[in-house]
Amino acid sequence: MPRAQAISIARGYLPPGLLGNRWDYYYARSKLATDPLYPGALRALRGSTAPVMDLGCGLGLLAHALRQDGQSLEYFGVDNDAAKIRRAIAAAGRTGMASARFAFVDLAHHLPDHAGSVAILDVLQYLPAPAQRQLLENVIAMLTPGARLVIRTGLVDGSRRGLVSRIGDRAANLVGWMQSTPRCYPSADGLRAILEGSGLQVTIEPLWGRTPFNNWLVVAEHLN
C-alpha cells in the first residue's frame, strides 16, 4: 500500500493522549506499507457488493482499507483476541466507522451467522486439518451470489519460503502477538479440492510481494 495511505489509516490507531501506547500505530503503518495482503484482498473483493465477514480480523485493518479503497461494504470482524477487538472498536470509533461491527469469537467453538463474502486472512494455519475443512465447508455455505471467499495463507510445499513462514508464525506467538502456534499449513491441492468440490471457481496465486514468506491468495466464488 502507498506510504501515504498506510499512514492515513494508521493514524486511527494513535492513542488519544501523548503518553499513550503507540504500538498499534506503528504496527498498522508497517503492516500496510510492506505486506501485500491488503492490496490483494481489496482487489479480490472489488466489484462485489456483498457484506463481508472478516474471520480473525485482529485490529480490523481490512475495514479501514476497504473504506479508503472506496468499497462501502458492510463489514463484520471477529477474532479470538478480546484485547485486539477492543482496540479495533476504539479505532473504528475514532475514524467515524460506526457501521463497522466487531465481536470476540473463538472460531474453534463458534461461527457467527452470516450471508455474503468471507475473508480468512492468515488464519487457516492455526487450525488442525479437520477444523480447516469444517471451517471452509461452513463459510462456503455462507456465500451468496456475487460474493467471494478470500483466503490468505501459507502453503505447505517444501519451499524455503515455507520454512521462513513457519519460523515467523512461531515468533509471532512467542512475542504474544498471536495466541497460538501454527498447527497445519494447507496445500494448494487440498484447498482446491475442497473449494472446487463445492462448485466454486478458484484462483490461487502467490501473494508474498517483497516479503520472504510463503503467502498465497486464494479467491473462490460460485460459477455464474
Side-chain angles (χ1 to χ4, degrees), residues 1 5 8-10 12-13 24 27-28 31-32 35 37-127 131-153 177-180 195 198 200 217-222:
M1 183 176 290
Q5 293 181 22
S8 175
I9 292 174
Y13 293 87
D24 288 348
Y27 168 80
K31 179 78 170 175
L32 292 166
D35 192 338
L37 168 60
Y38 294 101
L42 294 176
R43 173 167 48 88
L45 289 168
R46 204 169 289 138
S48 174
T49 59
V52 58
M53 180 167 64
D54 185 7
L55 300 181
C57 68
L59 297 174
L61 288 174
L62 180 59
H64 298 264
L66 284 167
R67 183 176 69 169
Q68 189 160 100
D69 195 51
Q71 299 191 52
S72 55
L73 304 179
E74 182 181 331
Y75 174 91
F76 178 35
V78 302
D79 200 280
N80 68 347
D81 189 323
K84 287 181 183 176
I85 287 295
R86 288 194 296 270
R87 282 138 58 197
I89 293 171
R94 285 194 293 268
T95 55
M97 292 200 306
S99 62
R101 297 185 298 127
F102 297 91
F104 166 73
V105 174
D106 185 349
L107 296 177
H109 300 95
H110 173 66
L111 191 63
D113 292 333
H114 175 72
S117 294
V118 180
I120 308 176
L121 309 179
D122 298 337
V123 170
L124 285 184
Q125 64 263 36
Y126 295 100
L127 301 173
Q132 288 180 19
R133 173 177 283 276
Q134 186 62 61
L135 176 63
L136 291 173
E137 290 175 352
N138 289 341
V139 300
I140 288 169
M142 298 177 177
L143 299 178
T144 54
R148 285 83 181 263
L149 171 58
V150 181
I151 301 169
R152 208 277 284 266
T153 185
W177 184 248
M178 299 302 295
Q179 295 201 346
S180 62
L195 300 173
S198 297
L200 301 180
L217 181 68
V218 181
V219 181
E221 58 185 316
H222 287 291

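Reckoned from all heavy atoms, side chains included, excluding hydrogens, waters and symmetry mates. Sequence positions, counted from 1, serve as the residue numbers for this chain.
Scanning both residues, A119 and L62, for their nearest heavy atoms gives CB-CD2, 4.0 Å. The two atoms that bring L37 and K31 nearest to each other are CD2-CE, 4.3 Å, heavy atoms only. Listed here is the closest heavy atom pair of V150 and A44: CG2-CB, 3.8 Å. Residues P112 and V78 approach most closely at CG-CG1, 4.1 Å, considering heavy atoms. Nearest heavy-atom pair across H64 and I9 is CB-CG2, 3.5 Å. Nearest heavy atom pair, residue A28 against residue L61, reads CB-CD2, 3.7 Å.
Taking CD of Q71 as the reference point, atom CG of L42 lies at 5.5 Å (rounded to 0.5 Å). To the nearest 0.5 Å, atoms CG (L45) and OH (Y38) are separated by 12.5 Å. Taking CG from D122 and OG1 from T153, the interatomic distance works out to 7.0 Å, rounded to the nearest 0.5 Å. Taking OG1 of T144 as the start and CE of M142 as the end, the distance is 11.5 Å to the nearest 0.5 Å. Taken from CG in N138 to CZ in R133, the straight-line distance is 12.0 Å, to the nearest 0.5 Å. Taking CD1 of I120 as the start and CE of M53 as the end, the distance is 8.0 Å to the nearest 0.5 Å.
Applying the side chain to side chain donor-acceptor pair (under 3.5 Å) test to R94 and every residue at least two apart in sequence or in another chain returns nothing. Taking the side-chain contact (heavy atoms from CB on, under 4.5 Å) definition, one finds that Q5 meets it with M1, P2, Q68, sequence neighbours left out. L127 meets the side-chain contact (heavy atoms from CB on, under 4.5 Å) test with A131, Q132, L135; sequence neighbours excluded.
Not one N or O on the side chain of R87 forms a donor-acceptor pair closer than 3.5 Å with the backbone of D24. Under a 3.5 Å cut-off, the side chain of S117 and the backbone N or O of V52 do not form any donor-acceptor pair. Formation of a donor-acceptor pair under 3.5 Å by the D79 side chain with backbone atoms of I85 is not found in this model.
Counted within 6.0 Å of CD on E74, heavy atoms from surrounding residues, nucleotides or ligands total 12 or fewer; the atom is thus considered open.
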Check the pair L195 / V218 against side-chain contact (heavy atoms from CB on, under 4.5 Å), numbers first and verdict last.
CA-CA 10 Å; L195 300 173; V218 181; 3.8 Å; yes
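No option in V139, I151, I140 other than V139 meets the side chain to side chain contact (heavy atoms under 4.5 Å, CB included) test with V118.
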Identify each donor-acceptor pair in which a side-chain atom of residues 101-111 lies under 3.5 Å from a protein atom, sequence neighbours left out, and give them as a table.
residue	atom	partner	partner atom	Å
D106	OD1	A108	N	3.1
D106	OD2	H109	ND1	3.0

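A heavy-atom distance below 4.5 Å is not found between the side chains of L149 and E221.
Pairs passing the side-chain hydrogen bond (donor to acceptor under 3.5 Å, both in side chains) check and including a residue from residues 47-62, sequence neighbours excluded, read D54-Y75. Among residues at least two apart or in separate chains, salt bridge (charged side-chain N to carboxylate O under 4.0 Å, His left out) pairs with a member in residues 63-72 are R46-D69.
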